[in-house]
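Numbers here are sequence positions counted from 1. Counting starts at 1 for both ligands and their atoms, in listed order.
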Amino acid sequence: MCWRIWHLARKRKQIAWDDARRLAKRRLEREQGRNDAADDLSELSEGEKEKGDPNVSEPIKNLSRINSDTQIWFDDTDKSKHLYIVLISMHGLVRGENMELGRDSDTGGQVKYVVELARALANTKGVDRVDLLTRQITSPEVDSSYGETIEMLSCPSHATGICGAYIIRIPCGPRDKYIAKESLWPHIPEFVDGALNHIVSMARALGDQLNGGKPTWPYVIHGHYADAGEVAAHLSGALNVPMVLTGHSLGRNKFEQLLKQGRLSKEAINATYKIMRRIEGEELGVDAAEMVVTSTMQEIEEQWGLYDGFDLKLERKLRVRRQRRVSCLGRYMPRMVVIPPGMDFSYVTTQDSLENDGDLMSLLGSDDRAQNKTHLPQIWSEIMRFFTNPHKPTILALSRPDPKKNVTTLLKAFGECQLLRELANLTLILGNRDDIEDMSNSSSVVLTTVLKLIDRYDLYGQVAYPKHHKQSEVPEIYRLAAKTKGVFINPALVEPFGLTLIEAAAYGLPVVATKNGGPVDILKVLNNGLLVDPHDQNAIADALLKLVADKNLWAECRKNGLRNIHRFSWTEHCRNYLSRVERCRNRHPTSRLEIMTIPEEPMSDSLRDMEDISLRFSIEGDIKLNGEIDAAARQKKIVEAFTRMASLNSNTGIVYGPGRRQMLFVIAADCYDSNGETTETFQAMIMNVMKDAGLCFGLGNIGFVLLTGSSFRETMQALSCCPVNIEDFDALVCNSGSEMYYPWKDMVADTDYEAHVAYRWPGENVRSMAMRLARTEDGAEDDITEYVAACSSRCYSYSIKPGAKTRRIDDLRQRLRMRGFRCNLVYTHAASRLNVVPLFASRMQALRYLSIRWAIDLSKVVLFVGEKGDTDYEDLLGGLHKTIVLKGTVAYGSGKLLRNEDNFKREDAVAQGNPNIKFVGTSGGQNIAGALVALGIK
Ligand SMILES: O=c1ccn([C@@H]2O[C@H](COP(=O)(O)OP(=O)(O)O[C@H]3O[C@H](CO)[C@@H](O)[C@H](O)[C@H]3O)[C@@H](O)[C@H]2O)c(=O)[nH]1
Ligand SMILES: O=P(O)(O)OC[C@H]1O[C@](O)(CO)[C@@H](O)[C@@H]1O
């Protein structure tokens with residue numbers, strides 16, 4: 001026993017020591033990065049003063065507006081915009097009515113936030129349509145409403161009851177399973193492709209309806225939480241439209257808090273919460289976002305401030321340079337703005353602000369109506385039945401059953417404070433449950449601990465913990481607590497914002513709240529309660545006692561909360577939000593994306609679908625104009641038309657350049673020998689794929705694309721040894737996705753594509769820095785040198801000396817981020833070469849670009865790869881396309897230089913058992929044909 005204790009203590013010490021070392025190292029690296037950047041940016045030379053930053057398109061006089069709270073949306077100009085806005089909240093069970101908040105740790109404030117935001121934005125002048133994209137879940141474990149492809153959000157405040165806000169459900173991952181947010185990561189590429197299909201169809205349909213046939217691309221794509229932040233980054237890159245990010249809750253912060261608790265090692269935290277994968281999603285969101293919306297200043301300074309890609313001082317410095325129209329030397333930081341969420345006041349009544357406890361008296365049996373309690377909310381009796389003395393004030397805690405909400409410390413505080421137990425009851429609303437055994441592991445641990453603590457302190461008759469409540473009953477729960485002159489408490493270890501605090505204030509309930517996170521800012525505005533250290537149970541008990549026992553303080557806090565709650569308004573949020581988005585719109589989709597493909601012979605199905613799309617919009621128009629039209633029947637029709645529209649692309653063939661194509665075969669096998677020279681397997685593999693394609697489908701029906709890490713010149717050289725015509729390729733994508741050429745168009749480079757991916761490219765500014773940072777500390781000067789022959793304006797290539805050590809991709813990317821440089825990095829040629837390309841350039845993004853331009857359904861694309869490849873190999877495996885892995889074609893990959901496996905594992909990036917991937921033994925015809933049959937495409 002002694003030995004075990006000694007061993008445990010030693011282990012704890014070791015964890016603490018390792019973490020301290022890790023943190024110190026990171027801090028040092030960050031400091032170095034910031035100093036580097038600060039040094040470069042410190043002087044504004046005469047030359048720089050002349051140069052304008054290419055990323056700044058707005059005139060200086062407008063820039064001040066972004067800092068101004070007085071100028072708001074549509075103060076000044078054109079009110080006849082037709083904006084299409086895309087919001088994404090990937091995880092959780094999202095629906096417009098009867099939300100299942102608190103069902104598990106995925107279903108909380110964010111679900112409510114995004115649905116209310118979608119409604120409020122759609123209700124704002126100038127906004128035509130808002131799509132809230134989320135994951136479709138068609139599992140018997142959950143309600144069938146989560147499997148509906150489209151849900152029209154009702155808007156009670158709108159005269160017609162609808163406002164143009166929709167929830168669009170995109171399938172990804174296993175169709176019949178609910179997947180917790182921690183396990184969604186490998187399915188992100190599939191969600192991106194599905195979302196892209198939807199957005200493109202919608203942009204074209206809206207364009208037909210409102211814009212004379214010119215697609216109405218999203219005004220902004222807004223990702224919520226790390227997972228959707230990553231989705232939004234890819235989508236905004238694919239379309240070149242502005243991106244906004246809201247974190248809701250941040251991984252680095254959660255990680256630090258969990259380490260501080262000292263119960264779990266870094267490895268255990270990572271295994272449970274996939275925290276490093278999540279942090280990378282957040283960093284990528286910061287790389288790509290024009291703007292980050294936060295709920296409080298604390299979130300910017302103390303939470304986003306922990307990220308490699310953000311530094312408040314550096315961001316300010318860059319902003320000043322932009323305002324002075326001085327070059328930012330290729331560095332970029334997103335603008336962070338505080339726009340707190342609003343409250344849905346439709347459930348708040350004037351009674352809530354009045355001193356009136358009549359209903360409570362009747363519930364408690366002390367007035368004339370005691371015999372007739374039927375008019376009282378059911379949930380009141382559900383709570384009151386727990387209490388021996390229901391006349392006491394109730395302390396209310398309402399949260400998801402998540403360990404970080406820290407209700408166990410609250411129970412200890414209550415259980416161990418005799419005076420508090422005498423003065424008050426405690427009500428715990430912790431989601432809904434039928435059987436604790438059926439809850440997710442973390443939720444059932446919370447509930448079990450709660451029950452054990454109630455038993456330990458013998459709190460029977462003093463604590464209520466009802467099993468069920470509906471969303472519509474939540475206002476009644478706050479109301480009841482207010483009527484008993486109770487207090488709301490949020491003791492979370494860290495609370496990024498805290499919607500429950502503004503809800504409590506709106507119903508006249510004073511609060512005690514954690515001092516870690518958003519509540520600090522909320523209480524500054526509302527001044528309706530006390531802040532506490534959530535780790536200190538005595539402080540919690542003292543604060544509760546103060547508010548319960550001091551009638552004047554209680555009344556003062558109630559009054560302040562009610563008086564100031566209007567500061568949290570969705571209408572204001574939207575006006576402020578749109579004004580700020582308007583100021584950061586420096587990127588626009590290339591006009592190439594506007595090309596609509598016309599089927600050679602118009603298909604009757606397609607025409608019918610087109611009619612349906614128009615029908616759908618006229619239906620919406622009807623509903624908006626005449627409230628009396630039967631919304632339910634219309635909704636059904638809309639869904640039918642929408643579903644047919646979604647399949648529109650797949651019904652048409654692909655028509656472009658050289659002719660009509662039914663499918664696209666994309667060759668992306670990285671065939672290099674150990675020296676990085678292209679092997680003969682490359683030519684043999686191309687020949688076989690083309691031969692097999694011809695045998696299966698007839699050559700003219702298949703389009704071919706090559707995706708490679710080689711330069712254009714090297715690619716041409718390698719293909720010239722191939723007994724196939726270069727013109728047989730419809731496109732060559734070179735230098736790891738940064739350049740695109742069309743052999744059927746005199747081999748010209750697609751300059752639109754280059755412009756499309758160039759956004760945020762630091763160009764010459766990163767050229768020598770990338771090389772310097774890629775060397776390890778103990779490396780020699782000539783370990784890595786520029787490989788000029790492969791360089792181009794959008795790709796810097798570097799040779800790596802055989803046997804030399806270089807930094808892994810994740811390490812190098814982190815160092816560049818710390819200096820404000822945003823790039824995509826790829827090791828290619830069997831790790832003998834590094835390509836530094838624009839952030840939005842990649843082989844996968846090139847494929848997405850072609851899919852939009854040529855109106856290709858991505859599920860009709862077959863990608864041929866080896867068993868390994870360049871460091872972007874993993875990116876090629878996920879998505880809607882099919883993949884055939886040609887075994888034995890690639891002997892040497894670059895994968896070992898991708899990332900430190902301590903960070904996150906391959907299974908957090910690539911979906912296991914993906915049915916869209918088939919392996920074939922050799923590239924022989926029978927095998928490829930067999931794989932195509934197995935993939936359901938022959
Ligand atoms: O049993 C429950 C538990 C919660 N809720 C509701 O769910 C929401 C919970 O929101 P919040 O208290 O803000 O916490 P989280 O669920 O953790 O939400 C995340 O996202 C919110 C919106 O950004 C932020 O306010 C939070 O700080 C952040 O942790 C509130 O509307 C509650 O009324 C219920 O209806 N029933
Ligand atoms: O940081 P964590 O623990 O993942 O949790 C916070 C998140 O939980 C949820 O609130 C559920 O709504 C997320 O959507 C939210 O943003």
Side-chain angles (χ1 to χ4, degrees), residues 89-94 98-117 134 180-182 184 224-229 246-255 257-258 269 272-275 278-279 281-282 293-296 298-299 303 339-344 347 379 396-407 427-433 442-443 446-447 465-478 488-504 506-507 511 513-514 516-519 521-522 568 573:
S89 185
M90 191 183 171
H91 67 254
L93 301 166
V94 181
N98 198 13
M99 295 173 202
E100 296 184 278
L101 302 181
R103 175 194 161 110
D104 57 22
S105 55
D106 289 2
T107 43
Q110 185 183 323
V111 172
K112 194 164 176 225
Y113 181 119
V114 291
V115 171
E116 288 180 4
L117 173 63
T134 191
K181 62 186 167 207
E182 289 81 9
L184 278 177
H224 292 265
Y225 195 78
D227 45 18
T246 298
H248 291 280
S249 173
L250 300 187
R252 282 205 191 276
N253 208 255
K254 178 162 175 164
F255 187 39
Q257 288 292 330
L258 288 167
I269 295 171
T272 313
Y273 297 104
K274 310 284 184 207
I275 211 95
R278 168 174 169 183
I279 289 170
E282 288 159 343
V293 173
T294 68
S295 296
T296 62
Q298 191 272 355
E299 187 181 340
Q303 300 189 42
I339 316 181
M343 248 301 286
D344 177 359
Y347 301 96
I379 191 73
L396 170 66
L398 187 155
S399 70
R400 294 176 287 120
D402 187 312
K404 75 174 190 182
K405 296 294 180 182
N406 197 27
V407 274
T427 299
L428 301 176
I429 306 287
L430 300 169
N432 284 285
R433 61 188 177 275
S442 63
S443 303
V446 171
L447 260 306
Y465 38 99
K467 276 164 81 95
H468 298 112
H469 68 281
K470 299 194 197 81
Q471 196 205 348
S472 55
E473 291 173 325
V474 171
E476 299 301 347
I477 297 172
Y478 289 114
F488 180 78
I489 173 150
N490 177 342
L493 294 176
V494 55
E495 188 62 78
F497 179 67
L499 288 179
T500 46
L501 294 169
I502 58 174
E503 291 167 357
Y507 294 98
V511 303
T514 174
N516 295 339
D521 287 30
I522 297 180
F568 296 93
H573 178 107

Selection from [options] by shortest heavy-atom distance to [atom]:
| atom | options | value |
| --- | --- | --- |
| atom 16 (O) of ligand 1 | A492, S399, G109 | G109 |
| atom 35 (O) of ligand 1 | T246, L428, V474 | V474 |
| atom 34 (C) of ligand 1 | V494, L101, L430 | L101 |
| atom 27 (O) of ligand 1 | K112, R400, H468, E495 | E495 |
| atom 24 (C) of ligand 1 | S295, G498, P341, A397 | G498 |

Got a donor-acceptor contact below 3.5 angstrom from the [X] side chain to the [Y] backbone?
| X | Y | value |
| --- | --- | --- |
| N432 | H469 | yes |
| D402 | S105 | no |
| N516 | L493 | yes |
| E299 | S295 | yes |
| T134 | S89 | yes |

For this session: Could you check whether the rings of H224 and H248 sit parallel, tilted or perpendicular, using 30° and 60° as the cut-offs?
Result: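 Ring orientation, 0 to 90° scale: tilted.
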So for [X], does at least one of its heavy atoms come nearer than 4.0 angstrom to any atom of ligand 2?
| X | value |
| --- | --- |
| G109 | yes |
| H91 | yes |
| R400 | yes |

Counting C-beta onward and ignoring hydrogens, is there a side-chain heavy-atom pair between [X] and [Y] closer than 4.5 Å?
| X | Y | value |
| --- | --- | --- |
| Y347 | Q471 | no |
| I379 | I477 | yes |
| F497 | D521 | no |

For this session: Might you work through the side chain to side chain contact (heavy atoms under 4.5 Å, CB included) test for D106 and L93, ending with a clear yes or no?
Result: CA-CA 8 Å; D106 289 2; L93 301 166; over 6 Å; no
For this session: Look at E495 together with K404 and state whether they make a salt bridge at an N to O cut-off of under 4.0 Å.
Result: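 No.
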Considering only heavy atoms of [X], which atoms of ligand 1 have at least one such atom less than 4.0 Å away?
| X | result |
| --- | --- |
| Y113 | 22 (C), 23 (O) |
| G431 | 1 (O), 2 (C) |
| T500 | 12 (O), 30 (C), 32 (C) |
| P496 | 27 (O), 29 (O) |
| L499 | 10 (O), 11 (P), 12 (O), 13 (O), 25 (O) |

[X]: numbered ligand 2 atoms lying under 4.0 Å from its heavy atoms:
| X | answer |
| --- | --- |
| R278 | 1 (O), 2 (P), 4 (O) |
| H248 | 16 (O) |
| G108 | 11 (C), 12 (O) |
| S105 | 8 (O), 9 (C), 11 (C) |

Around [atom], find the nearest protein heavy atom and jot down its residue, atom name and distance.
| atom | answer |
| --- | --- |
| atom 11 (C) of ligand 2 | D106 O, 3.0 Å |
| atom 6 (C) of ligand 2 | S249 CB, 3.4 Å |
| atom 5 (N) of ligand 1 | L398 CD2, 3.5 Å |
| atom 19 (C) of ligand 1 | Q110 N, 4.2 Å |
| atom 30 (C) of ligand 1 | E503 OE2, 3.4 Å |
| atom 16 (O) of ligand 2 | Q110 OE1, 2.7 Å |
| atom 4 (O) of ligand 2 | Y225 OH, 2.6 Å |
| atom 14 (O) of ligand 1 | K405 NZ, 3.3 Å |
| atom 8 (O) of ligand 2 | K181 NZ, 3.0 Å |
| atom 36 (N) of ligand 1 | H469 NE2, 2.9 Å |
| atom 22 (C) of ligand 1 | H248 ND1, 3.5 Å |
| atom 3 (O) of ligand 2 | K254 NZ, 2.4 Å |

Mind listing the closest non-hydrogen atom pair of [X] and [Y] along with its distance?
| X | Y | answer |
| --- | --- | --- |
| A397 | V407 | CB-CG1, 4.5 Å |
| T514 | P519 | O-CB, 3.3 Å |
| L250 | E282 | CA-OE2, 3.5 Å |

For this session: Scan side-chain atoms only and decide if Y225 and Q110 contain a donor-acceptor pair under the 3.5 Å cut-off.
Result: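 There is no such pair between these side chains.
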For this session: Answer side chain, backbone, both or neither: which part of L250 comes under 4.0 Å from ligand 2, heavy atoms only.
Result: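 Contact part for L250 vs ligand 2: neither.
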For this session: Could you please spell out the steps behind the side chain to side chain contact (heavy atoms under 4.5 Å, CB included) verdict for S399 and L430?
Result: CA-CA 5 Å; S399 70; L430 300 169; 3.8 Å; yes
For this session: Taking atom NZ of K470 as the centre, report whether more than 12 heavy atoms of other residues, nucleotides or ligands fall under 6.0 Å from it.
Result: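 Open.
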